[in-house]
Undergrad: 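The structure is given below, and queries will be raised subsequently.
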Amino acid sequence: MANKKEERTLQEMLKTLDEQIRQLESEDISLEESFLVYEQGMKLIKECNEKIDRVEKKVLFPCSQ
């Protein structure tokens, strides 16, 4: 599973987040479903932040890699 996380691009993750936002904005989603989508979205945001941090460190400190 960790490999699959690494394979996703930031663009793919942001697209997924966009889809989750649309789901949450929908009037057809139940409260239980919205909690699940929200939780998944928060995990994905954390994953995006970690990926951005790794890239930022590579750019700022290229010799330490």
Side-chain angles (χ1 to χ4, degrees):
M1 179 89 178
N3 288 340
K4 189 170 186 173
K5 272 187 182 182
E6 291 299 320
E7 291 175 11
R8 290 201 298 187
T9 66
L10 188 58
Q11 186 174 2
E12 291 169 334
M13 290 188 285
L14 292 174
K15 183 178 178 184
T16 301
L17 278 171
D18 192 43
E19 292 167 2
Q20 289 172 331
I21 290 169
R22 282 196 201 105
Q23 279 184 287
L24 289 171
E25 291 174 337
S26 169
E27 293 180 11
D28 299 329
I29 191 169
S30 71
L31 185 58
E32 292 81 12
E33 288 174 311
S34 66
F35 285 138
L36 287 173
V37 172
Y38 176 81
E39 183 179 14
Q40 292 168 351
M42 293 306 293
K43 287 178 184 177
L44 193 53
I45 288 171
K46 182 180 177 193
E47 197 177 323
C48 288
N49 284 332
E50 290 169 354
K51 188 175 212 75
I52 291 169
D53 287 344
R54 285 192 303 273
V55 171
E56 184 179 36
K57 286 177 185 173
K58 285 181 183 178
V59 170
L60 293 175
F61 309 106
C63 296
S64 65
Q65 298 292 321

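We use all heavy atoms of the structure for the numbers below, so side chains are in, but hydrogens, waters and symmetry mates are not.
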Undergrad: To the nearest 0.5 Å, tell me how far Ile45 CD1 sits from Gln20 CD.
TA: 8.5 Å

Undergrad: Does Met42 belong to the same Ile/Leu/Val/Met/Phe/Trp/Tyr cluster as Met13, with side-chain heavy atoms less than 4.5 Å apart forming each link?
TA: yes

Undergrad: Are any non-hydrogen side-chain atoms of Arg8 and Leu44 less than 4.5 angstrom apart?
TA: yes

Undergrad: Linking directly or through intermediates, with side-chain heavy atoms under 4.5 Å: list the remaining ILVMFWY members grouped with Ile21, chain and number order.
TA: none

Undergrad: State, to 0.1 Å, how close Cys48 and Leu17 come at their nearest heavy-atom pair, and which atoms those are.
TA: SG-CD1, 4.2 Å

Undergrad: Please say whether more than 12 non-hydrogen atoms of neighbouring residues, nucleotides or ligands are located less than 6.0 Å from CD in Glu12.
TA: yes

Undergrad: Using a 3.5 Å cut-off and no angle test, enumerate the donor-acceptor pairs between side-chain atoms of residues 23-32 and protein atoms at least two apart in sequence or in another chain.
TA:
residue, atom, partner, partner atom, Å
Ser26, OG, Asp28, N, 3.0
Ser30, OG, Glu33, N, 3.1
Ser30, OG, Glu33, OE1, 3.2

Undergrad: Does Asp18 have any salt bridge (charged side-chain N to carboxylate O under 4.0 Å, His left out) partners at least two apart in sequence or in another chain, and if so, which?
TA: Arg22

